[in-house]
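In this chain, residues are counted from 1 in sequence order.
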Amino acid sequence: MAYKGIAAAVLALVTIAHAKPLNPRVACPDGVNSASNKVCCQLFPLVELLQSDLFDGGECGEEVHESLRLTFHDAIGFSPTKGGGGADGSIIVFSDVETTFDANGGIEDIVDVQSQFIADNNVTISPGDFIQLAGAVGVSNCPGAPKIPFFMGRPAPKAASPDGLIPEPFDSVDKILARFSDAGFSAAEVVALLASHSVAAADTVDSTIPGTPFDSTPDLFDSQFFIEVQLKGTLFPGTSDNEGEVKSPALGEIRLQSDADLARDSRTACEWQSFVDNQAKLKSAFADAMKKMSLLGQNVDDLVDCSDVIPTPQDLPASAGPHLLPSLTMDDIEAACDDTPFPHLTALPGPATSIPPVPAS
């Protein structure tokens, strides 16, 4: 009887322990939100301002594309041997230096926009925190996207990043993978990071068609980018002979040389293909790679996890799904993975060149 009594008491304690939330939340002063850490409460009003004033009420548009690009261009300025502070906001604080780098062509627009936003709204978090917060909040407006983790507490940058650390679209696969490896990324993580191109556009690769997207669904975080880069290139959507550009499969869509090469290289082709019909893997891999990138040059133990302030993205619409461009067939796929066949896809109706160009904002 005594043994049974002790066992019952232990079971009761275990039940009570499991009934308690593993990460208890605290109520924020606004009386609406709650967070896992009270210091994160200050971010909820800032998130609302970002959505209303920077992202046009929560759209997956040009400012989202550019803000997401800025997270990468700020963070990848890091090397254990060549220097750079990583995700520290140096691209804003030392914009007079870093926006002159060739690899940062066109980025001065979003740097100016975010700098003005910080000034107008008396933003008190560090520039490094702001850049990563804006990127995570922005991509949450794109249906199909994962919720990107966000950590707060980065110190102010000490110096500008060195030039030459940001990969360019005309770089070889060898050079791109070596640069990322130097920063601590595997080839698979490089491919995962390129999922950002599913909601991105090019402004300066061909200056005659600014704002041209990399796939046919730039307002959705889906796998179309990984499909359409694998299609045979047949035309240039604007002018030809632009450095870092190769032929794309349709008007209104631009293709970077680096994307085309990575999709067809034996070191990355199978990982590239694995995202074609696996949205869950695409979301998970991108979130993990983005978290790692956002922490480059930082000590995570000195930061606070404020991921719960990031809005939860909507799922892809029911009508979305991996497909070929209109009038194309599986014969138009340049499969490069030797391990598994390319997933079988069907085409949407309509002419192959029917993708409308996206006007610059």
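- Looking only at atom types and distance, the side chain of Q279 has no donor-acceptor partner in the side chain of S223 under 3.5 Å away.
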Salt bridge (charged side-chain N to carboxylate O under 4.0 Å, His left out) assessment of D129 paired with R154: CA-CA 6 Å; D129 282 350; R154 294 167 183 80; 2.7 Å; yes

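- Here Q257 contributes atom CD and F170 contributes atom CZ; the two are 9.0 Å apart, rounded to the nearest 0.5 Å.
- Using a 3.5 Å distance cut-off with no hydrogens or angles, the side chains of T208 and D206 do pair a donor with an acceptor.
- With hydrogens and angles left out, the side-chain atoms of T99 and N104 include no donor and acceptor closer than 3.5 Å.
- For S216 and E228, the side-chain atoms include at least one donor-acceptor pair closer than 3.5 Å.
- Under the 4.5 Å side-chain criterion, counting only non-hydrogen atoms from C-beta, K291 is not in contact with I148.
- Judged purely by distance below 3.5 Å, without hydrogens or angles, the side chains of Q51 and N141 pair a donor atom with an acceptor atom.
- Ion pairing of K281 with E271 is present here, as a side-chain N (NZ or NE/NH1/NH2) and a carboxylate O approach within less than 4.0 Å.
- Rounding to the nearest 0.5 Å places CZ of R255 at 13.5 Å from NE2 of H197.
- Between F225 and W272, the distance separating the two ring centers is shorter than 6.0 angstrom.
- By the 30° and 60° cut-offs, the orientation of the rings of F221 relative to F286 is tilted.
- Applying the salt bridge (Lys or Arg N to Asp or Glu O under 4.0 Å) definition to pairs two or more places apart or across chains, none involves residues 94-106.
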